[in-house]
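Computed from a prediction, not measured in an experiment: that's the story for all the values here.
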Amino acid sequence: MQATHFWNQFYLHRAKIITLFLLCVCAALGAQSRKQGVTLHRIDSDKKKTQYGFFLGAHQNYYGIRYSEAFESTQYDQIHSIVSEKSAGFNLGFMVNFRLADQFTLRLVPVKIGLYQNTVAYHNVDGSVDRQLIESTRVEPGIFLKYRSIRRENSRMYIIAGVSGSLRAGKEDLVTNTDRLEIRRMDAKAEIGFGLEHYFEFFKFSPEIRYARGFMNVMNNSSNFYHDGISRITTHNFSLYLHFSD
């Protein structure tokens, strides 16, 4: 119950938390830029062929749902809609950056762990709601190409795009006689985002906002009440990442 309460509180206040964080970052960067005689940090950092780092992140995720023809059948006379509710999650991982040119970098993410919680709500015509909760821990390696602006004092803007895989960790789901919505272990996603690199004396800090969309239909090939009304489910994620690198 405490864990559920925490998720609900995070979901309700996540916009305030993210906004406050971004305001603090902007204030800190603005205060530094107002100092007379700006000191350039880590000048040799951009000349390195390889850089290492780690990242922390928070994301909001939901499913894109497409109805099947069966949804129009009498089997679903008591259901007026099937929708995915937005949920929050966390992720962390390690990265390796390869310098291709001053403004181009290849980012390899060999390890990323994501904690996900998705809810699909079946809304009945009588006003009641039947919810299917899918929780998972996923391993999500990826590869990305980053284009950076010219460095101005201790900051650079950038855009980033790439692809990533997603594999649910743990054992296969236990077989039960209870009807439920089941999601595949595998997924693949296209991702695009933008961020800011800021150079400090001992490290480089990069907040980043990124959107990811799944390529695959992640719904299992099962046949029951929760599956038959849906023909396709795809994943969608909006993430805020905090990168720290050398």
### Distance-only polar pair, side chains of S222 and E182, donor-acceptor under 3.5 Å
yes
### Query
Is there any salt bridge (charged side-chain N to carboxylate O under 4.0 Å, His left out) pair reaching into residues 93-103, and which pairs are they, with sequence neighbours excluded?
D102-R156
### Message
Could you walk me through whether F215 and K189 satisfy the side-chain contact (heavy atoms from CB on, under 4.5 Å) test, starting with their C-alpha distance in whole Å, then the side-chain angles of each, then the deciding distance to 0.1 Å, before giving a yes or no?
### Response
CA-CA 6 Å; F215 298 134; K189 298 180 287 187; 5.9 Å; no
#### Entry: Beyond-backbone contact of L145 with L100, side-chain heavy atoms, under 4.5 angstrom
yes
#### Entry: Gap between atom CZ of F54 and atom CG of L92 - 0.5 Å precision
10.0 Å
### Residues forming a side chain to side chain donor-acceptor pair (under 3.5 Å) with S166, sequence neighbours excluded
R138, E140
### Message
Check for me, please, whether F104 and V96 land in the same ILVMFWY cluster - side-chain distances under 4.5 Å, paths through other members count.
### Response
yes
### Query
What's the verdict on side-chain contact (heavy atoms from CB on, under 4.5 Å) for R148 and M157, showing C-alpha distance, side-chain angles and the deciding distance?
CA-CA 6 Å; R148 308 185 296 178; M157 297 293 295; over 6 Å; no
### Query
Any side-chain donor paired with an acceptor under 3.5 Å for S81 and H123?
no
### Query
For T119 and Y63, what are the C-alpha separation, side-chain angles and deciding distance, and is it a side-chain contact (heavy atoms from CB on, under 4.5 Å)?
CA-CA 8 Å; T119 302; Y63 288 145; over 6 Å; no
### Query
With a 4.5 Å heavy-atom cut-off, do N217 and T234 have their side chains touching?
no
### Query
Heavy-atom count around Y67 OH within 6.0 Å, excluding the residue itself: above 12?
yes
### Query
With distance as the sole criterion, is a donor-acceptor pair present between the side chains of S45 and Q51 under 3.5 Å?
yes
### Task
Take N237 and Y62, measure what side-chain hydrogen bond (donor to acceptor under 3.5 Å, both in side chains) needs, and give me the verdict at the end.
CA-CA 7 Å; N237 307 92; Y62 64 95; over 6 Å; no
### Message
Under a 3.5 Å distance rule, please check whether N224 uses its side chain to pair with a backbone N or O of R180 as donor and acceptor.
### Response
yes
### Message
For residues I160 and L240: do they belong to one hydrophobic cluster (side chain heavy atoms under 4.5 Å, members Ile, Leu, Val, Met, Phe, Trp, Tyr)?
### Response
no
### Message
If hydrophobic clusters are built by linking Ile, Leu, Val, Met, Phe, Trp and Tyr wherever their side-chain heavy atoms come under 4.5 Å apart, do Y211 and F144 end up in the same one?
### Response
no
### Query
Do the ring planes of F205 and F244 sit parallel (below 30°), tilted (30 to 60°) or perpendicular (above 60°)?
tilted
### Query
In chain order, what residues pass the ring-ring contact (aromatic ring centres under 6.0 Å, His included) check against F194, with sequence neighbours excluded?
none
### Message
Using the side chain to side chain donor-acceptor pair (under 3.5 Å) criterion, which residues pair with T105? Sequence neighbours excluded.
### Response
none
### Task
Just jot down the salt bridge (Lys or Arg N to Asp or Glu O under 4.0 Å) partners of R42, sequence neighbours excluded, or say none.
none
### Query
Do L106 and I143 come within less than 4.5 Å of each other through their side chains, counting heavy atoms only?
yes
### Query
side-chain contact (heavy atoms from CB on, under 4.5 Å) between E191 and S164: does it pass, once the steps are laid out?
CA-CA 8 Å; E191 305 193 35; S164 62; 2.6 Å; yes
### Summary
Residues pairing under salt bridge (charged side-chain N to carboxylate O under 4.0 Å, His left out) where one sits in residues 63-84, two or more places apart or in two chains, turn out to be none
### Task
Would you please say whether a donor-acceptor pair under 3.5 Å links the side chains of N97 and Y52?
no
### Message
Side chains of K112 and V139, heavy atoms from C-beta outward: is any pair under 4.5 Å?
### Response
no
### Task
Determine the interplanar angle of the Y241 and H243 rings, folded into 0 to 90°, and report it as parallel if under 30°, tilted if 30 to 60°, perpendicular if over 60°.
tilted
### Query
Taking atom types as modelled and ignoring hydrogens, do the side chains of H236 and N61 form a donor-acceptor contact shorter than 3.5 angstrom?
no
#### Entry: Any side-chain donor near an acceptor of the partner, S149 and Q103, under 3.5 Å
no
### Query
Same cluster for F55 and V163 if Ile/Leu/Val/Met/Phe/Trp/Tyr side chains link at under 4.5 Å?
no
### Message
So, using side chain to side chain donor-acceptor pair (under 3.5 Å) as the criterion, who are the partners of R151 when residues are at least two apart?
### Response
N154
### Task
Each residue besides L40 in its hydrophobic cluster should be listed here, by chain and number; the cluster joins Ile, Leu, Val, Met, Phe, Trp and Tyr at side-chain heavy-atom distances under 4.5 Å.
I43
### Query
Is there a side-chain contact between F90 and I113 (heavy atoms, below 4.5 Å)?
no
### Task
Could you list all the salt bridge (charged side-chain N to carboxylate O under 4.0 Å, His left out) pairs where at least one residue sits in residues 123-134, not counting sequence neighbours?
E85-R131
### Query
Run the ring pair (Phe, Tyr, Trp, His ring centres under 6.0 Å) check on H227 and F225 step by step: do they pass?
CA-CA 6 Å; H227 278 258; F225 176 78; over 10 Å; no
### Message
Using the salt bridge (Lys or Arg N to Asp or Glu O under 4.0 Å) criterion, which residues pair with D246? Sequence neighbours excluded.
### Response
K48
### Summary
Applying side chain to side chain donor-acceptor pair (under 3.5 Å) to Y158 and not counting sequence neighbours gives E208
### Message
What's the separation between atom CG in D46 and atom CD in E197, rounded to the nearest 0.5 Å?
### Response
7.0 Å
### Message
Whether R168 and E135 form a salt bridge (side-chain N of Lys/Arg under 4.0 Å from carboxylate O of Asp/Glu) is what I want to check.
### Response
no
### Task
Evaluate the side-chain hydrogen bond (donor to acceptor under 3.5 Å, both in side chains) criterion for residues H59 and N91: first the C-alpha distance (whole Å), next the side-chain angles of each, then the deciding distance (0.1 Å), finally the verdict.
CA-CA 8 Å; H59 60 252; N91 41 56; 2.8 Å; yes
### Task
Report yes or no: do I79 and Y226 belong to one cluster of Ile/Leu/Val/Met/Phe/Trp/Tyr joined by side chain heavy-atom distances under 4.5 Å?
yes
### Pairs touching residues 225-234 that satisfy salt bridge (charged side-chain N to carboxylate O under 4.0 Å, His left out), sequence neighbours left out
none
